[in-house]
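What follows is a set of notes on a single structure, which appears directly below.
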Amino acid sequence: MRIAIMGAMPEEIAPILKQLGEYKTTSYAGNTYYEATYKGAVLVIAYSKIGKVFSTLTATTLIEHFGVQKLLFSGVAGAISESLKVGDLLVATKLSQHDLDITAFGHPYGYVPEGAVYIEADKELITLSKQIALQMDKNIQEGIIATGDQFVANEERKNWIGATFGADALEMEGGSVAVVCDAFKVPFFILRAISDAADMDASFSFDVFLEASAKESAAFVMNMVDAIIEKNV
Ligand code: OS5
């Protein structure tokens, strides 16, 4: 089995590379891909760089060039829901693009013809994540993630995204990764640990908590990998 683990920033994949220790490095289309054999499976790990375009390129490359059969995203996010605090883990049930706007033609926000406002993550992987959370005695929440090419540090924008998409958290890559995986029929799972509240203090909070939150997310995703391999999901 070939499993992708993807992040957007170096910090988001660093804990995974550290745990693996040994890997083969390949440069492809401006990114570095790390391949490791792990418990009989092959893991292909990469950070895309920030935003929807780079994450689209990386997700496509992981599927089309590296032949991964599942894609797990590990990273951090800004919280919208009041129930999400720094360090908390959120599993995306579905994802949307909050900056996609052809409402001038009467379409809803996040929609383009032949697309969909929301793309659902793989249900089997979400179910597995609940089992793992129980085993780890870890509290995880499920919710909607809204993605856009903006670091949101503004209460008004955050509230608009929450109200328009029913979103619990926001980030800059999940929605585009979802589009790619859905198009290629590759099951995907998006996990984010909260680094900030997408408010006026967001950039400070992000700088302080990026590393710790990325570690939380990475540790959980590695347990997901173990379970996928053991249970042959
Ligand atoms: O990847 C971007 C989205 N991430 C989730 C996130 C988020 N998204 C939107 N709004 C919020 N309030 C969010 N909170 C968490 C995090 C990341 C945000 S953009 C941060 C950019 C900071 C930076 N600038 N240079 N570097 C980091 C160094 C670097 C070097 C190589 C590759 C990437 C970054």
Side-chain angles (χ1 to χ4, degrees), residues 5-18 47-56 58 72-101 103 109-110 117-118 121 129 133 136-178 189-222:
I5 308 176
M6 184 179 160
M9 302 178 64
E11 290 85 350
E12 290 172 327
I13 64 160
I16 291 156
L17 295 179
K18 193 173 167 195
Y47 74 87
S48 58
K49 297 178 282 216
I50 293 161
K52 293 197 295 179
V53 174
F54 281 128
S55 56
T56 298
T58 299
L72 313 179
F73 191 106
S74 178
V76 301
I80 299 176
S81 165
E82 288 285 338
S83 69
L84 286 168
K85 305 294 176 207
V86 166
D88 287 353
L89 289 173
L90 180 73
V91 171
T93 51
K94 53 183 187 174
L95 300 101
S96 61
Q97 296 180 61
H98 67 71
D99 58 352
L100 189 53
D101 179 358
T103 55
Y109 285 105
V117 176
Y118 298 102
S129 73
M136 290 174 76
D137 198 21
K138 187 107 202 150
N139 187 33
I140 55 165
Q141 298 186 41
E142 283 176 34
I144 298 173
I145 287 184
T147 298
D149 282 327
Q150 298 168 345
F151 182 83
V152 178
N154 175 307
E155 202 93 38
E156 203 183 323
R157 177 75 187 157
K158 153 182 146 163
N159 291 339
W160 180 85
I161 293 168
T164 307
F165 296 94
D168 299 290
L170 52 83
E171 35 86 313
M172 302 177 67
E173 298 86 16
S176 39
V177 169
F189 176 79
I190 304 224
L191 181 73
R192 297 276 185 169
I194 300 303
S195 55
D196 58 85
D199 55 9
M200 61 184 287
D201 300 324
S203 58
F204 303 102
S205 178
F206 176 81
D207 281 342
V208 173
F209 295 110
L210 166 64
E211 203 178 311
S213 293
K215 263 190 205 164
E216 282 286 326
S217 178
F220 193 93
V221 158
M222 283 310 285

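Position 1 is the first residue of the sequence, and the numbers go up from there.
- With rounding to the nearest 0.5 angstrom, the CD1 atom of Ile13 is 14.5 Å from the NZ atom of Lys18.
- Of all the heavy atoms in Asp149 and Lys52, the pair that sits closest is OD1-N, 2.8 Å.
- Taking CD from Gln141 and OG1 from Thr93, the interatomic distance works out to 12.0 Å, rounded to the nearest 0.5 Å.
- Ala146 and Ile161 make their closest contact through CB-CG2, 3.4 Å (heavy atoms, listed as atom of the first residue, atom of the second, distance).
- Heavy atoms only, all atoms of each residue included: Gly175 and Glu171 are closest at N-OE1, 4.4 Å.
- To the nearest 0.5 Å, atoms CD (Glu82) and CG (Leu84) are separated by 9.5 Å.
- In this structure, Leu191 and Ser129 have side chains that are not in contact, with every pair of non-hydrogen atoms separated by 4.5 Å or more.
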Evaluate Phe209 against Asp196 for side chain to side chain contact (heavy atoms under 4.5 Å, CB included), listing each step before the verdict.
CA-CA 8 Å; Phe209 295 110; Asp196 58 85; over 6 Å; no

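- Nearest heavy-atom pair, Ser74 versus Ala214, reported as atom, atom and distance to 0.1 Å: OG-O, 4.4 Å.
- Distance check, rounded to the nearest 0.5 Å: OH of Tyr118 to NZ of Lys94 gives 5.5 Å.
- Side chain to side chain, Thr147 and Gln97 fail the donor-acceptor criterion of an N or O pair below 3.5 Å.
- When the options Leu89, Asp88, Leu90 are evaluated for a side chain to side chain contact (heavy atoms under 4.5 Å, CB included) with Ile140, the one that passes is Leu89.
- Relative ring orientation between Trp160 and Tyr109 is described as perpendicular, the plane-to-plane angle rising above 60° on a 0-90° scale split at 30° and 60°.
- No side-chain N or O of Ser48 forms a donor-acceptor pair with one of Glu173 less than 3.5 Å apart.
- Contact check for Asp168 versus Ile80: no side-chain heavy atoms found under the 4.5 Å cut-off.
- Each of Glu216, Glu12, Glu142 was evaluated against Arg192; a single residue qualifies, Glu12, per the salt bridge (charged side-chain N to carboxylate O under 4.0 Å, His left out) test.
- Taking each heavy atom of Val76 and Ser213 in turn, the nearest pair found is CG1-CB, 3.7 Å.
- One finds the OH atom of Tyr47 at 9.5 Å from the CE atom of Met9 (value rounded to the nearest 0.5 Å).
- Counting only heavy atoms from C-beta outward, the side chains of Ser195 and Leu210 never approach each other to under 4.5 Å.
- Taking 4.5 Å as the limit, every side-chain heavy atom of His98 sits out of range of all side-chain heavy atoms of Lys158.
- Within the 4.5 Å cutoff, side-chain heavy atoms of Met222 are placed close to those of Ile5.
- With rounding to the nearest 0.5 angstrom, the CZ atom of Phe54 is 12.0 Å from the OG atom of Ser176.
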